[in-house]
Novice: 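First the structure, then my questions, so here it is.
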Protein chains: 2
Amino acid sequence: MGSGRLTVREIARLAGVSVATVSRVSNGTGQVSEETRRRVLRAIEEHGYRPHHLGRALAARRHGAVGLVFPGLSGPYFSELIQGFESEAVKSRTSVHILCTHLRADSDAEVIEMAHRVDGLAVLGGTVSPDTIEELAAMLPVVVLAGDGPAGVPAVRVDNAAAAAALTRHLLADHGLRRLEFVGDPSGSPDVTERWAGFRQAHRELSLPLPRAPIRVGLQQPDGVYAAEQVLRRLIPPQGVVCANDETALGMLVGVSGNGLRVPEDLVVTGFDDITMAALVTPPLTTVRQPVRELAARTARLLLQVAAGDAGRADSGLVFPTELVIRGSCGCPTGTDSTSTTGRRRT
Amino acid sequence: MGSGRLTVREIARLAGVSVATVSRVSNGTGQVSEETRRRVLRAIEEHGYRPHHLGRALAARRHGAVGLVFPGLSGPYFSELIQGFESEAVKSRTSVHILCTHLRADSDAEVIEMAHRVDGLAVLGGTVSPDTIEELAAMLPVVVLAGDGPAGVPAVRVDNAAAAAALTRHLLADHGLRRLEFVGDPSGSPDVTERWAGFRQAHRELSLPLPRAPIRVGLQQPDGVYAAEQVLRRLIPPQGVVCANDETALGMLVGVSGNGLRVPEDLVVTGFDDITMAALVTPPLTTVRQPVRELAARTARLLLQVAAGDAGRADSGLVFPTELVIRGSCGCPTGTDSTSTTGRRRT
DNA sequence: TTGAAAGCGCTACCAG
DNA sequence: CTGGTAGCGCTTTCAA
């Protein structure tokens, strides 16, 4: 029958006890004699009573929910992220609110609105202005996911710069390439900012001239196709392109072969993220694997922990390791994937 | 400063009015003299007061939230779905709870748990048992998304069967193919069930022998690669495969070309959904476009509407049109996409 | 071990 | 137009 028809009071009356006792029983708190407990339990079962969430939340001053704020791009990356986060939250009987800010002008206000409905907030790096993050952090536990927050706000991330540098070094040193370009917009997200930084860093380390400005495009496949046109139109095309993520790299592959050129013979292409498709295309994509799901799961756990008061040494944040995944698109012989780990795990 | 430090009572005292008046002002309900209103508003602004969500929700007996339950597969499909749903909900200042049931044994219990925290629930077809859906529908507004619910539960969907039949007819009649196979598990989701039904239906309509049993695989790219191996191993391989979605079709493409065969010359391949990648691969994928985002958005709107009491003629549900997208992978000459619409829109 | 009662923060009804 | 007040459903002291 009806949802919240039954209240504690009803059950209390039915079981011949006080509401306090019913509460104690249904929460497992306090001392209740075995017999009373059994009686209450029976009344609860019999009538299918479930404590009303709002009543409980208001009295306990806990929402029993956490929020996840992300820009709302499509693709496998965000699905993984959401699932990793959710799977961890549900273990703590905490529900997950989501908010996509993408293309919404007043998103910061919406995030603040959401902050009033949850016990903690995970924000994807670059989604919300630093000022707003600080404002949020002052009112509830906040963790930045895949990015950096202001001082004092813990962040869970991978070392994108180191990974991008390792990847670039592979092209520069192992393959002897000299003319590389970066595809992606460093101002679009912290991930890309760092990858671009790592790309340049590798050039610097090898005392090579710094690369030209990045081809600023979005993170989706069509953006990669578009970038391919840009690249192939040059008088002196690059020998390789380091793409900000796998999806642009996949688009690049399409655009390049659409122009009758071959990868890696005519142009080397690399990606970032190691989405499923990366291993399946021809040639298979050399890329960087990052544990997106674990990243998100760890973020959720950290958030729940802080929200629960275990303020441990959480402030520091976490850096997850990445793996360089060498496949065919960089010019390496295609065979079993070869991988090497970059970055350490700081707890 | 603190989050909910301030209460109505404080503001009432500060503004020299009663809590009732503060409530009226902050909700825009009831009549308040311009002067009083101004005074209250000033107190609110000055102290940055925001009504506590839980207090309000408990008193109003509304959670101000809706839930979205989905299996939790990866890929572009779910990202689109989530975003479409969320974008609509946020317009009504309603927050979105998500729950992924994938691989979780006690998911039905979790769904019911969630039902106690929201004003309405959207459930992806095939995610929750029909019995549980009925149970849920008895306690709050429920809409089934991409599937069919029990009688009385509105559903928002596309006519998968008609679309799959149209696609299959194209292969059978226009291309004169005779040996087709279906790739996908009809028992996996309502979408696939219907597509499989449409596939057979087309054969029946043309008085052709019914196709053999489907190749039962999942909906991800690697599943398609695996299916390709199955298909190519046959003594008499099929002339074409109709895949349950684009991702398996993409995997099929990879698996086929990995075996040195060509699409569509040696094997025709079609997909379903028209994800971005479908247009970008070689050959571009012939598929069916379904308006996933609109589907989800409409679901949210319907749900909010029912939850708000506008029980209109919502019971019926909605069927969105699909579009057959003819590209190269079916053997048609590659060029500008050619599309034709299937299904009508029922309001 | 149990119950009475005081809220949690807000809305809404009913007088005035 | 405004204020007092009775809850919304539950938790949690404080006594008994």
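So that the names make sense, note that chain A is the first sequence line, chain B the second, and so on, each numbered from 1.
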Novice: Is it true that Arg298(A) and Glu88(A) make a salt bridge, defined as a side-chain N closer than 4.0 Å to a carboxylate O?
Specialist: no

Novice: Under 4.0 Å between any heavy atoms, over every strand shown, what does Leu54(B) touch: base, sugar-phosphate, or nothing? Just pick one.
Specialist: nothing

Novice: Ring centroid separation for His63(B) and His52(A), is it under 6.0 angstrom?
Specialist: yes

Novice: Have Thr29(A) and Arg24(A) got a donor and an acceptor in their side chains that come within less than 3.5 Å?
Specialist: no

Novice: Going by the rule side chain to side chain donor-acceptor pair (under 3.5 Å), which residues pair with Arg56(B) if we only count those two or more places apart in sequence or in a different chain?
Specialist: Asn27(B)

Novice: Under 4.0 Å between any heavy atoms, over every strand shown, what does Val8(A) touch: base, sugar-phosphate, or nothing? Just pick one.
Specialist: base

Novice: Tell me which residues in residues 34-47 of chain A lie within less than 4.0 Å of DNA chain C, going by non-hydrogen atoms.
Specialist: Thr36(A)

Novice: Taking atom P of dC8(C) as reference, at what distance in whole Å does atom CZ of Arg56(B) sit?
Specialist: 18 Å

Novice: With sequence neighbours excluded, tell me which residues meet side chain to side chain donor-acceptor pair (under 3.5 Å) with Arg13(A).
Specialist: none

Novice: Does anything in residues 16-29 of chain B reach DNA chain D, meaning a heavy atom under 4.0 Å, and if so which residues?
Specialist: Gly16(B), Val17(B), Ser18(B), Val19(B), Ala20(B), Thr21(B), Arg24(B)

Novice: Could you please name the option among dC8(D), dT2(C), dC10(C) that lies closest to any side-chain atom of Arg9(B)?
Specialist: dC10(C)

Novice: At how many degrees, to 10°, do the end axes of the helix from dT1(C)-dA16(D) to dG16(C)-dC1(D) meet when each uses five pairs?
Specialist: 40°

Novice: Can you pull the salt bridge (Lys or Arg N to Asp or Glu O under 4.0 Å) pairs that have at least one residue in residues 59-82 of chain A, sequence neighbours excluded?
Specialist: Glu80(A)-Arg293(A)

Novice: State yes or no: are the ring centers of His97(A) and His97(B) separated by less than 6.0 Å?
Specialist: yes

